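Everything numeric in this text was worked out from a predicted model, so none of it was measured.
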Amino acid sequence: MCAKKNTNTNYLSNKEIRAIAKANRKVMNALEKKKYRKADESEFTTQMKDSKNILEIEDLNTYFFTDQGVVKAVNGVSFEVPENSTVGIVGESGCGKSVTSMSVMRLLQGPQGQIVSGSIRFKSLEYCRDEKGRPIPAYTVDENGNTVQAVNESGVAQYEMEEKVYDIAQMPIRDIHRIRGRQISMIFQEPMTSLNPIFTIGDQLDEVTFIHNPGATKEMAKKRSLDMLGLVGIAAPERVYKSYPHELSGGMRQRVMISMALACDPRLIIADEPTTALDVTIQAQILDLFRDLKHKINGSILLITHDLGVIAEMADYVVVMYAGKVIERGTVQEIFHNPMHPYTIGLQKSKPTMDSDEDTLFNIPGNVPNPVNMPNHCFFKERCSMCTRKCSGEYPGMIQVSPTHFVACHLYDEKEEV
């Protein structure tokens with residue numbers, strides 16, 4: 001039997017694959033070299049555009065270099081996280097939500113995953129250091145009139161602090177410890193894969209204090225760990241402190257992950273779908289916990305989820321992503337009561353409601369375009385029921401429709417014939 005001719009237009013020959021791999025290696029090697037360089041602090045120190053923000057992401061491009069081509073997982077993303085607020089990122093699976101959060105934490109798997117360009121400005125609270133680079137202790141006067149080093153309520157020693165703004169995208173990996181875990185902490189989707197099964201919960205919690213607090217003792221670390229376990233609503237912190245991860249339920253493990261994230265009083269907590277792996281009852285408890293923590297901690301939350309109900313309940317601002325781009329952003333009231341992008345409207349219609357008369361859920365037709373060969377026009381065009389002739393042109397820019405509401409759609413350009 002004769003072999004049929006391959007008519008698949010996505011087929012790549014071995015020669016083409018080798019050419020792509022060679023080109024990718026050149027780019028990856030340059031980016032890896034930049035990541036592991038020795039750099040003076042001035043190279044990644046910057047200024048916030050708005051002093052009221054804790055995080056500003058501007059034109060962020062994060063790519064994955066594969067033998068099939070370059071996957072533009074995050075493609076020119078821009079948004080802000082104001083101080084003491086909750087920002088929700090929503091979108092269907094594969095839209096770039098988690099890759100955005102991993103870019104902020106600099107946890108991308110290299111050399112394939114790389115931040116290619118853009119800025120991630122973060123307002124950090126750093127230790128003041130002496131001529132030898134040692135943190136300068138903060139002192140206070142006790143009841144006897146003696147000058148002693150200040151400690152917090154958990155007994156952890158305190159140091160003089162100063163505010164600095166870092167561009168995380170430009171930071172070498174060797175310097176990222178300044179903020180990762182201490183200034184920015186992350187709660188992952190599946191706690192069982194994030195906790196080490198061979199160490200007790202106490203050992204893993206204590207390690208956070210030892211790494212990020214100079215001069216911490218075992219007693220200080222244990223007290224801080226027990227305080228954090230109590231803060232997240234664990235009734236028997238001593239028992240959980242001595243337990244191994246497999247001895248705890250899923251909801252309890254997620255509470256441990258939250259307590260670990262809070263251990264160093266971070267300025268920003270990134271929660272990457274923290275309730276997805278939990279059953280409905282435990283989900284409600286974890287969301288209640290987040291709501292309480294929002295009032296107890298002096299920090300911001302970046303909440304990533306595909307659940308619109310969670311976003312409506314928890315977020316102050318909403319960022320809607322599609323195919324690696326931000327297509328709409330605004331306050332939670334604007335996004336839910338006045339959605340403007342056809343994709344956001346489709347997401348709203350896809351949400352099941354108790355008063356719906358429909359027998360089946362609404363489904364956005366079509367598929368997301370191939371991330372290796374993205375079209376030049378609007379990525380949602382082939383799935384959109386509201387597209388016009390202009391949608392076949394260049395990708396739409398962000399249009400401001402109110403002081404806080406932005407949308408990337410040609411429908412809101414100057415009106416012209418459809």
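- Shown here is D50, whose CG atom has more than 12 heavy atoms of other residues, nucleotides or ligands within 6.0 Å.
- Of the possible donor and acceptor atoms, one in the side chain of Q204 sits under 3.5 Å from a partner among the backbone N and O of N196.
- A ring-ring contact (aromatic ring centres under 6.0 Å, His included) with F379 holds for exactly one of Y322, Y395, Y343; it is Y395.
- The main-chain N or O of T86 is found under 3.5 Å from a side-chain atom of D316 such that the two form a donor-acceptor pair.
- Looking only at side-chain heavy atoms (C-beta outward), V104 and F122 stay at 4.5 Å or farther from each other.
- Of the inter-residue distances, the one linking D272 atom CG with M102 atom CE reads 7.5 Å to the nearest 0.5 angstrom.
- The minimum heavy-atom distance between V256 and L205, with the atom names listed, is O-CD2, 4.3 Å.
- For K123, the NZ atom is densely surrounded, since the number of other residues' heavy atoms within 6.0 Å is greater than 12.
- For E328 (side chain) and I335 (main-chain N/O), no donor-acceptor pair under 3.5 Å exists by modelled atom type.
- Taking the charged nitrogens against the carboxylate oxygens, E92 and R383 do have a contact shorter than 4.0 Å, which makes a salt bridge.
- The minimum heavy-atom distance between S103 and T62, with the atom names listed, is OG-OG1, 2.9 Å.
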Go through V27 and V116 one step at a time and tell me if the side chain to side chain contact (heavy atoms under 4.5 Å, CB included) criterion holds. CA-CA 9 Å; V27 177; V116 176; 5.8 Å; no
E56 vs S119, side chain to side chain contact (heavy atoms under 4.5 Å, CB included): CA-CA, chis, key distance, verdict: CA-CA 8 Å; E56 294 177 346; S119 298; over 6 Å; no
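- Put simply, the side chain of N24 gets close to the backbone of T66: a donor and an acceptor are under 3.5 Å apart.
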Apply side chain to side chain contact (heavy atoms under 4.5 Å, CB included) to residues K242 and T200 and explain how you reach the verdict. CA-CA 6 Å; K242 297 175 183 177; T200 64; 5.8 Å; no
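- By the 4.0 Å N-to-carboxylate-O rule, R329 lies close enough to E80 to be salt-bridged with it.
- To the nearest 0.5 Å, atom CD1 of residue I187 and atom CD1 of residue I270 are 10.0 Å apart.
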Steps toward side chain to side chain contact (heavy atoms under 4.5 Å, CB included) verdict (Q285, L289): CA-CA 6 Å; Q285 294 176 7; L289 173 59; over 6 Å; no
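- Panel note: side chain D167, backbone I120; a donor-acceptor pair is recorded below 3.5 Å.
- More than 12 heavy atoms of other residues, nucleotides or ligands shown are found within 6.0 angstrom of CG on N146.
- In this structure, N29 contributes its side chain and R25 its backbone to a donor-acceptor pair below 3.5 Å.
- A 4.5 Å side-chain heavy-atom check between M257 and L195 finds at least one atom pair inside the cut-off.
- To the nearest 0.5 Å, the span separating CG on N61 from CG on N75 amounts to 5.5 Å.
- The closest side-chain donor-acceptor pair between D307 and T305, if any, does not fall under 3.5 angstrom.
- Put simply, the residue from M228, M220, R224 that forms a side-chain contact (heavy atoms from CB on, under 4.5 Å) with T209 is R224.
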As a quick check of understanding, evaluate salt bridge (Lys or Arg N to Asp or Glu O under 4.0 Å) for E190 and R253, giving each step before the final call. CA-CA 9 Å; E190 176 47 68; R253 285 194 293 265; 5.0 Å; no
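- Y241 contributes atom OH, which lies 11.0 Å from atom CD1 of I201 (distance to the nearest 0.5 angstrom).
- Smallest separation of non-hydrogen atoms from R106 and I173: NH2-CD1, 3.7 Å.
- Side-chain contact between M171 and I179 is present, with heavy atoms from C-beta onward closer than 4.5 Å.
- Listed by chain and number, the residues in a salt bridge (Lys or Arg N to Asp or Glu O under 4.0 Å) with K218 are D206 (sequence neighbours excluded).
- Checked by atom type, the side-chain pair Q114/E32 shows a donor-acceptor distance below 3.5 Å.
- Contact record, C264 with G181: CB-O, 4.0 Å, taken as the closest heavy-atom pair.
- In this structure, R129 and P135 have side chains that are in contact, with non-hydrogen atoms separated by less than 4.5 Å.
- The ring pair (Phe, Tyr, Trp, His ring centres under 6.0 Å) contacts involving residues 67-113 comprise nothing, where partners must be two or more places apart or lie in separate chains.
- When every heavy atom of L287 is checked against every heavy atom of M314, the shortest pair comes out as O-SD, 3.8 Å.
- Qualifying side-chain contact (heavy atoms from CB on, under 4.5 Å) partners for N84, counting only residues two or more places apart in sequence or in other chains: N298.
- Side-chain atoms of Q283 come within 3.5 Å of backbone N or O of T275 as a donor-acceptor pair.
- In this structure, the side chains of L108 and F64 come closer than 4.5 Å at one or more pairs of heavy atoms.
- Remark: F210 CZ is packed, more than 12 non-hydrogen atoms of other residues, nucleotides or ligands lying under 6.0 Å away.
- The shortest distance between side-chain heavy atoms of M161 and Y127 falls below 4.5 Å.
- Under the 4.5 Å side-chain criterion, counting only non-hydrogen atoms from C-beta, V401 is not in contact with F406.
- Inspection of the S124 and E126 side chains reveals an N or O donor paired with an N or O acceptor under 3.5 Å.
- Taking the six-membered ring for Trp and the full ring otherwise, the centers of F44 and Y166 sit less than 6.0 Å from each other.
- Put simply, the side chain of S300 gets close to the backbone of P82: a donor and an acceptor are under 3.5 Å apart.
- Heavy-atom contacts from other residues, nucleotides or ligands closer than 6.0 Å to CD of Q109 number 12 or fewer.
- Rounded to the nearest 0.5 Å, atoms SG (C378) and NZ (K390) are 12.5 Å apart.
- Of all non-hydrogen atoms in R37 and Q170, the two that sit nearest each other are NH2-O, 2.7 Å.
- Expressed to the nearest 0.5 Å, how far CD of E382 lies from NE2 of H377 amounts to 5.0 Å.
- Using a 4.5 Å heavy-atom cutoff, the side chains of P339 and V407 are not in contact.
- Counting only distance, with no hydrogens or angles, the side chain of S78 and the backbone of D59 share a donor-acceptor pair below 3.5 Å.
- For the pair R121 (side chain) and M48 (backbone), a donor-acceptor distance under 3.5 Å is absent.
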